[in-house]
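What follows is one structure encoded as structure tokens, with my remarks underneath.
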Amino acid sequence: SVAGGNRQGWFGWEWYENDSVGRLFFDGEPNLGISLDYELAFTAFQQCAVSPQDSAANLCLYQQALMKESGGPGLMRDPIEALNLFTKSHERGNYTASAKLADIYRTGALGVGVNFQLAGEFAIAAVERGNRWAAERLAMQYMNGQGVPKDTEKASYFFTLLSNIM
């Protein structure tokens, strides 16, 4: 079992194949006799995060970060660890983590303090990696000159990116 450190899953898959085992513990699944258990979910995501498959590992790193950001039953909230996990996921190419870091620095969440320059850098990374939803906030930063040079043409470009997905 994941609790015992065994990487072989209930369904014969190794844990790193996807984040399904972590999600089972995170949400609980009464039909399978699985109770909600954040500590086991976090452990499953940790094991998944060492996957040789970058997409699976990034998803699990991101899930760990979300859990540490908010805490939950049996799992202490840890903003510093959450920030480190979001950053590690961003560094491995997760565009959702890039967008999340942009929001964290834009709002000063997790105790980092507002930093529009870093918010802009992370938002640009998110958009360049394919996260078009980050374009709206980045456009607003260009409109207002927050952390990036004021540039209405770039703002318009990023608003256009967003409108192309709606």
Side-chain angles (χ1 to χ4, degrees), residues 1-138 147 165:
S1 78
V2 68
N6 182 353
R7 293 187 58 83
Q8 193 66 30
W10 290 337
F11 306 109
W13 304 318
E14 286 200 300
W15 295 115
Y16 67 76
E17 287 296 317
N18 57 46
D19 74 332
S20 296
V21 173
R23 296 296 316 172
L24 282 172
F25 288 120
F26 183 81
D27 297 326
E29 182 51 64
N31 293 333
L32 295 175
I34 300 171
S35 300
L36 180 143
D37 189 324
Y38 276 26
E39 189 174 356
L40 286 177
F42 190 81
T43 300
F45 288 135
Q46 272 182 319
Q47 291 182 3
C48 171
V50 298
S51 166
Q53 300 173 353
D54 279 341
S55 61
N58 271 332
L59 178 61
C60 291
L61 280 171
Y62 187 75
Q63 292 291 349
Q64 286 180 274
L66 289 173
M67 291 182 77
K68 284 297 185 174
E69 178 184 30
S70 60
L75 185 70
M76 291 288 295
R77 181 177 186 271
D78 188 339
I80 293 170
E81 187 174 0
L83 185 63
N84 289 337
L85 290 165
F86 283 129
T87 301
K88 189 173 181 179
S89 186
H90 156 77
E91 289 169 351
R92 291 183 70 174
N94 185 328
Y95 66 70
T96 305
S98 303
K100 181 70 172 181
L101 285 166
D103 288 341
I104 288 168
Y105 283 102
R106 189 177 299 105
T107 62
L110 299 180
V112 298
V114 173
N115 185 328
F116 286 111
Q117 182 177 349
L118 281 175
E121 290 172 17
F122 285 118
I124 289 168
V127 171
E128 286 176 348
R129 292 173 176 171
N131 187 326
R132 299 297 183 241
W133 292 106
E136 177 184 17
R137 291 183 188 95
L138 184 56
I165 62 171

Worksheet item: Checking side chain to side chain contact (heavy atoms under 4.5 Å, CB included) for the pair Leu83/Lys68: CA distance, chi angles, key distance, verdict?
Response: CA-CA 9 Å; Leu83 185 63; Lys68 284 297 185 174; over 6 Å; no
Fill in: Residue pair Asn58, Leu61: steps toward the side chain to side chain contact (heavy atoms under 4.5 Å, CB included) verdict
CA-CA 5 Å; Asn58 271 332; Leu61 280 171; 4.0 Å; yes
Practice prompt. Using the side chain to side chain contact (heavy atoms under 4.5 Å, CB included) rule, take His90 and Phe86 through it: C-alpha gap first, then chi angles, then the decisive distance, then the call.
Written response: CA-CA 6 Å; His90 156 77; Phe86 283 129; over 6 Å; no
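Contact between Phe122 and Ala102 at its shortest, heavy atoms only, is CB-N, 3.6 Å. Closest approach of Ala134 to Ala99, counting heavy atoms only: CB-CB, 4.1 Å. Val21 and Ala44 get closest at one heavy-atom pair: CG1-CB, 4.0 Å. Scanning all heavy atoms of the two residues, the minimum distance from Leu118 to Asn115 falls at N-OD1, 3.0 Å. Among all heavy-atom pairs drawn from Ala82 and Leu110, the shortest one is CB-CD1, 4.2 Å. Counting all heavy atoms, side chain and backbone alike, Tyr95 lies closest to Ala126 at O-CB, 3.7 Å.
At a threshold of 4.5 Å between non-hydrogen side-chain atoms, the residues Ser98 and Asn131 do not count as touching.
Annotation: the span from Leu138 atom CG to Glu128 atom CD amounts to 9.5 Å, rounded to 0.5 Å. Taking NZ of Lys100 as the start and CG of Leu66 as the end, the distance is 6.0 Å to the nearest 0.5 Å. Glu29 CD to Arg23 CZ: the interatomic distance, rounded to the nearest 0.5 Å, is 12.0 Å. Atom CZ of Phe116 sits about 12.5 Å away from atom CZ of Arg137, to the nearest 0.5 Å. Rounded to the nearest 0.5 Å, atoms CE (Met76) and CD (Glu39) are 12.0 Å apart. In this structure, CG in Leu101 is found 11.0 Å from CZ in Arg106, a value given to the nearest 0.5 Å.
When atom types are taken as modelled, the side chain of Ser89 and the backbone of Leu85 share no donor-acceptor pair closer than 3.5 angstrom.
Note: Tyr38 and Phe26 have parallel aromatic rings, judged against thresholds of 30 and 60 degrees for the angle between ring planes.
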